[in-house]
Amino acid sequence: ARRHRHVGRKGRLSALLDRSDLAALQRQKRWSAAFSWLKYAWVIIACRFWLRYSLEDIEKFRDDIWKKLDAHDGPVIWAANHLTLIDSFLVFWAIFPWRRALQTRLVPWSTPEYKNYYNLGGPIRSTLVRRLMYLCRCIPFLREGEDEASVRWRETAYAKCVQVLHDNGAVFIYPEAGRSRSGWFD
């Protein structure tokens, strides 16, 4: 009789990440933590003063969220409808007050579409955006393509998200996998 070894989904996913992938993820986490105050200041300045967004009743909202987060010591999945290219920054600003900016375990890793951020403008702008996305804990996804390289990219990105959750971290996802102008799932 043949014996079949059943490997769970976690086993298949972790097999997608080699030591260099795991080391790169940890390095990105450390760099992100080292620049957490600077990132936070940049997000507030960009959202509040450059884009002129404002948040109403934010302290009550934050208090409600943090009561739940403080009582939870496991991984966190943040999920939201996707209206703009800067939704992750807006949610970060809404949830994290200054005093919580260093609680990096709960700062979510974001999952932007690669083409939306990493091929912008010329080489200088593209490099700056890539570095910002790196510091903001982005794990870029590639939505299009069914060729082997595209599928491998998606599987690796997904495996990185699973690894972050396995390490008690937080991941930000947009279930509809695209922006919805109406605010509802399409």
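Here the structure is a predicted model, which means the values were calculated and not measured.
Under the side chain to side chain contact (heavy atoms under 4.5 Å, CB included) criterion, A79 pairs with I173, P175, not counting sequence neighbours. Under the ring-ring contact (aromatic ring centres under 6.0 Å, His included) criterion, F141 pairs with no residue at all, not counting sequence neighbours. Scanning for side-chain hydrogen bond (donor to acceptor under 3.5 Å, both in side chains) contacts around D21 gives an empty result, with sequence neighbours left out. A search for side chain to side chain contact (heavy atoms under 4.5 Å, CB included) contacts involving T104 returns A33, S36, R137, not counting sequence neighbours. With sequence neighbours excluded, no residue forms a side-chain hydrogen bond (donor to acceptor under 3.5 Å, both in side chains) with N168. W153 is linked by a ring-ring contact (aromatic ring centres under 6.0 Å, His included) to Y114, counting only residues two or more places apart in sequence or in another chain. In this view, Q103 and R100 satisfy the side-chain hydrogen bond (donor to acceptor under 3.5 Å, both in side chains) rule, not counting sequence neighbours. Residues satisfying the side-chain hydrogen bond (donor to acceptor under 3.5 Å, both in side chains) test with K29, not counting sequence neighbours, are none. Qualifying side chain to side chain contact (heavy atoms under 4.5 Å, CB included) partners for D63, counting only residues two or more places apart in sequence or in other chains: R99.
Q28 places a side-chain N or O within donor-acceptor distance of the main-chain N or O of C138, the cut-off being under 3.5 Å. Distance alone, capped at 3.5 Å, places no donor-acceptor pair between the S150 side chain and the R143 backbone.
Using a 4.5 Å heavy-atom threshold, the side chains of W66 and P97 count as touching. Considering only heavy atoms from C-beta on, V43 stays 4.5 Å or farther from F96 through its side chain. For the pair W98 and I44, the minimum side-chain heavy-atom distance is below 4.5 Å. Side-chain contact between T127 and R130 is present, with heavy atoms from C-beta onward closer than 4.5 Å.
Within 6.0 Å of the CG atom in D73, the count of heavy atoms belonging to other residues, nucleotides or ligands does not exceed 12. More than 12 heavy atoms of other residues, nucleotides or ligands sit less than 6.0 Å from atom CZ of R154.
Here the closest heavy-atom approach between residue L165 and residue P75 is recorded as O-CB, 3.3 Å.
Put simply, CD1 on I95 and CG on L69 are 7.5 Å apart, with the number rounded to the nearest 0.5 Å. The NZ atom of K39 sits 6.0 Å away from the CZ atom of F92 when rounded to the nearest 0.5 Å. Atom CD in Q26 sits 6.0 Å away from atom CG in D167 (nearest 0.5 Å). The CZ atom of R30 sits 10.5 Å away from the CG atom of L25 when rounded to the nearest 0.5 Å. The structure places CD of Q163 at 11.0 Å from NZ of K160, a figure rounded to the nearest 0.5 Å. Taken from CG in L17 to CD in E155, the straight-line distance is 11.0 Å, to the nearest 0.5 Å.
Just one residue in the list T156, V171, I77 forms a side-chain contact (heavy atoms from CB on, under 4.5 Å) with C161, and that residue is V171.
L128 belongs to a hydrophobic cluster whose other members, connected by ILVMFWY side-chain contacts under 4.5 Å either directly or through intermediates, are I124. Other members of the hydrophobic cluster containing W31, listed by chain and number, are F35, L38, Y134, L135; membership follows side-chain contacts under 4.5 Å among ILVMFWY residues, whether direct or relayed.
One hydrophobic cluster, built from ILVMFWY side chains closer than 4.5 Å, cannot hold both V151 and L16; they sit in different ones.
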Donor-acceptor pairs under 3.5 angstrom involving side-chain atoms of residues 47-60: please list them, not counting sequence neighbours.
residue, atom, partner, partner atom, Å
R48, NH1, Y53, O, 3.2
E59, OE2, R62, NH1, 3.4
K60, NZ, D64, OD2, 3.3

